[in-house]
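Structure, as structure tokens:
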Amino acid sequence: MAPVSVTKICCIGAGYVGGPTCAVIALKCPHIQVTIVDLNQARVDAWNSPDFKLPIYEPGLVDVVKQARGRNLFFSTDVDKGIQEADLIFVSVNTPTKKSGVGAGFAADLNYVESATRRIAAVAQSSKIVVEKSTVPCRTAESMRTILEANSRPGTRFDILSNPEFLAEGTAIEDLFKPDRVLIGSLQTPEGLDACQSLAAVYANWVPTERILTVGLWSSELSKLAANAMLAQRISSINALSAICEATGANIDEVAHAIGFDSRIGPKFLRASVGFGGSCFQKDILNLVYLSESLHLPQVAAYWRQVVDMNEYQKRRFSKTVVDTLFNTITGKHIAVLGFAFKADTGDTRESPAITLVRDFLQERAYVTIYDPQVDEAQIWLDLAEALPGVPLENIKKQVTLAPSALDACKNKEAVVIATEWKEFRDIDWAAVYAHMNKPAFVFDGRLLVDADALRKIGFKVTTIGRGQRA
Ligand SMILES: NC(=O)c1ccc[n+]([C@@H]2O[C@H](COP(=O)([O-])OP(=O)(O)OC[C@H]3O[C@@H](n4cnc5c(N)ncnc54)[C@H](O)[C@@H]3O)[C@@H](O)[C@H]2O)c1
Ligand SMILES: O=c1ccn([C@@H]2O[C@H](COP(=O)(O)OP(=O)(O)O[C@H]3O[C@H](CO)[C@@H](O)[C@H](O)[C@H]3O)[C@@H](O)[C@H]2O)c(=O)[nH]1
């Protein structure tokens, strides 16, 4: 068999990865028909909405969808038809951390991957290249292959590839247009290598060939977990140093700048923060921890686990700083929380540190007002209800209000906590905010966002992560 020329792609899963990734493939490859399918009717309807009110917010995404939708990009709930028509199928479904059973709290829940694979096996009538796009534990492709091969019809075959996605939310379109690398893992058999070439040819429509890396299946799967673990480790390292800065009077910005000048370290991903969030880092490290333990490598497991432990410590440390600074009690006090998304330029709140902070403030019986420019109100209530199990939502709503703007959120409050690095928070009229706040007015910058000296000149008492009082 020679590499097939791919003409029809189906993507199972119209989420943060499947949607943008396959929309960009459709844009860059007008000769390929791309159909993104999902079981979630509301999500598919939003992707198809006439006014382009897409289910996810991502800068540049609407433009991509506007150009390709209806031309060679389609969204549908007809999963079976999508599978049957395609010669290449991306499996881009969610792989959350297991909540119960063996490996609960650590292992990836592969139920969605398995269901999608079983559906392909049940309905495919011709040969398919099946591409693992979801982030999965090492050797998941083997399970997929076993399921597919056990169900293949005479004359049809399934080739499995691993093609993990490295886009970051908020810059997804930029990342997809100019990826650092595209990684494709395959079996090193003639058929596996042919399938690999078929997928590489799709990306070669816009990605320079030297950036398309081809490796073995298991290396590809592990590289995805490894990349996220190393990135998260950098943040936990800088956050650990931020605690030392606060205690000594060193300044974490200056430290990051100084160490980032070493070309072996580099300047990126060294921004101290209230802690990393997002759907991937914690989940993927815990997955690596679970894998290490399963392989009887307890020291390796403990090493990676510490990255997550440090992140939890950083969030707790920040909440405690707020309480300590507000004269050791926030009971009955009014706090504005600016930002609820896990990072700027996304409406995604999965594992957002803001959720932990608000939960901590509510448990201290403070009143909290939240403003975020992109997060849906319904999502905020869902997240808070989940963070405070057993507390009825109507009780949460007695302590929490949602504001239509940053200035509104800050009015008549004792403190402002910056939880997400939205640019608009840097640019708000801080003098106007000060005029409307109760005095003394406190600002807690969990994202190294605002000019602390300028705010102090206005009259604020400012606490910044990673800066001691003597900095
Ligand atoms: N979010 C990111 O930035 C990012 C980046 C790289 C990799 N990843 C990985 O990509 C995968 C997907 O993540 P996501 O953020 O897009 O998740 P998501 O929850 O946004 O989307 C997954 C979608 O799959 C659908 N789905 C689940 N099972 C299905 C089935 N059997 N048939 C049809 N549709 C089904 C769900 O309804 C959902 O809409 C995960 O493994 C994640 O770790 C995510
Ligand atoms: O210097 C930094 C950089 C990031 N963060 C925080 O780290 C989290 C994750 O940020 P980022 O990595 O930019 O966003 P994600 O969308 O989670 O992307 C990560 O996770 C994806 C899912 O696996 C991968 O594809 C990406 O390559 C990887 O960067 C966010 O809370 C950020 O605020 C910091 O605190 N300091």
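Just follow the structure's listing: the first ligand is 1, and inside any ligand the first atom is 1. Numbers here simply count residues along the sequence, with the first being 1.
In this structure, atom 3 (O) of ligand 1 lies nearest to the protein heavy atom E169 OE2, 3.2 Å. Here the heavy atom of the protein found nearest to atom 8 (N) of ligand 1 is V17 CG2, 3.4 Å. In terms of protein heavy atoms, atom 34 (N) of ligand 1 is closest to L39 N, 3.5 Å. Annotation: atom 41 (O) of ligand 1 to nearest protein heavy atom, T95 OG1, 2.5 Å. Ranking the protein heavy atoms by distance from atom 17 (O) of ligand 1 puts R350 NH1, 3.8 Å first. Annotation: atom 6 (C) of ligand 1 to nearest protein heavy atom, E165 O, 3.2 Å. Atom 29 (C) of ligand 1 has as its closest protein heavy atom V93 CG1, 3.6 Å. Scanning all protein heavy atoms for the shortest distance to atom 18 (P) of ligand 1 gives R43 NH1, 3.6 Å.
Within 4.0 Å of ligand 2, counting heavy atoms only, the contacting residues are E165, F166, L167, A168, E169, K224, N228, L231, I235, F269, L270, R271, S273, F276, G277, C280, F281, D284, F342, K343, E421, R447.
Here A172 has no heavy atoms under 4.0 Å from ligand 1, in either its backbone or its side chain. Looking at I56 against ligand 1, nothing comes within 4.0 Å, counting heavy atoms. Looking at I12 against ligand 1, only its side chain comes within 4.0 Å, counting heavy atoms. Using a 4.0 Å cut-off between heavy atoms, A168 makes no contact with ligand 1 at all. Within the 4.0 Å heavy-atom criterion, neither part of Q41 lies near ligand 1.
Under the 3.5 Å distance criterion, the side-chain polar atoms of T97 are left unmatched by any main-chain donor or acceptor of G105. Counting only distance, with no hydrogens or angles, the side chain of S242 and the backbone of G466 share no donor-acceptor pair below 3.5 Å. At least one donor-acceptor pair closer than 3.5 Å links the side chain of T248 to the backbone N or O of I244. Formation of a donor-acceptor pair under 3.5 Å by the S127 side chain with backbone atoms of T156 is not found in this model.
D38 has its side chain out of reach of T77: every pair of non-hydrogen atoms, C-beta onward, lies at least 4.5 Å apart. Here the side chains of S223 and V215 are not in contact, with every heavy-atom distance at 4.5 Å or above.
Comment: K81 engages E85 in a salt bridge, judged by a side-chain N to carboxylate O separation of less than 4.0 angstrom.
Listed by atom number, the atoms of ligand 1 under 4.0 Å from S279 heavy atoms are 1 (N). Taking every heavy atom of K283 and a limit of under 4.0 angstrom, the matching atoms of ligand 1 come to 42 (C), 43 (O). Heavy-atom contacts of K224 reach the following atoms of ligand 1: 6 (C) (cutoff under 4.0 Å).
Summarising the local packing, CD of Q363 is surrounded by more than 12 heavy atoms from other residues, nucleotides or ligands at distances under 6.0 Å.
Cation-pi geometry between K343 and F276 is not met: the NZ or CZ atom fails to fall both under 6.0 Å from the ring centre and inside 45° of the normal. Both tests do not hold together for R69 against W47: distance to the six-membered ring centre under 6.0 Å, angle to the ring axis within 45°. By the 6.0 Å and 45° rule, K66 stacks over the aromatic ring of F52.
Relative ring orientation between W422 and Y57 is described as tilted, the plane-to-plane angle lying within the 30° to 60° band. Using cut-offs of 30° and 60° for the angle between ring planes, the H257 and F261 rings count as perpendicular.
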Before you tell me yes or no, could you show the steps for E114 and R118 under salt bridge (charged side-chain N to carboxylate O under 4.0 Å, His left out), namely the whole-Å CA-CA distance, both residues' side-chain angles and the distance that decides it to 0.1 Å? CA-CA 6 Å; E114 183 169 335; R118 285 190 183 276; 2.9 Å; yes
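At a 4.0 Å cut-off, not a single heavy atom of R119 sits close enough to ligand 1 to count as contact.
For atom 36 (C) of ligand 1, the candidate residues are D38, V37, T135; the nearest heavy-atom contact is made by D38.
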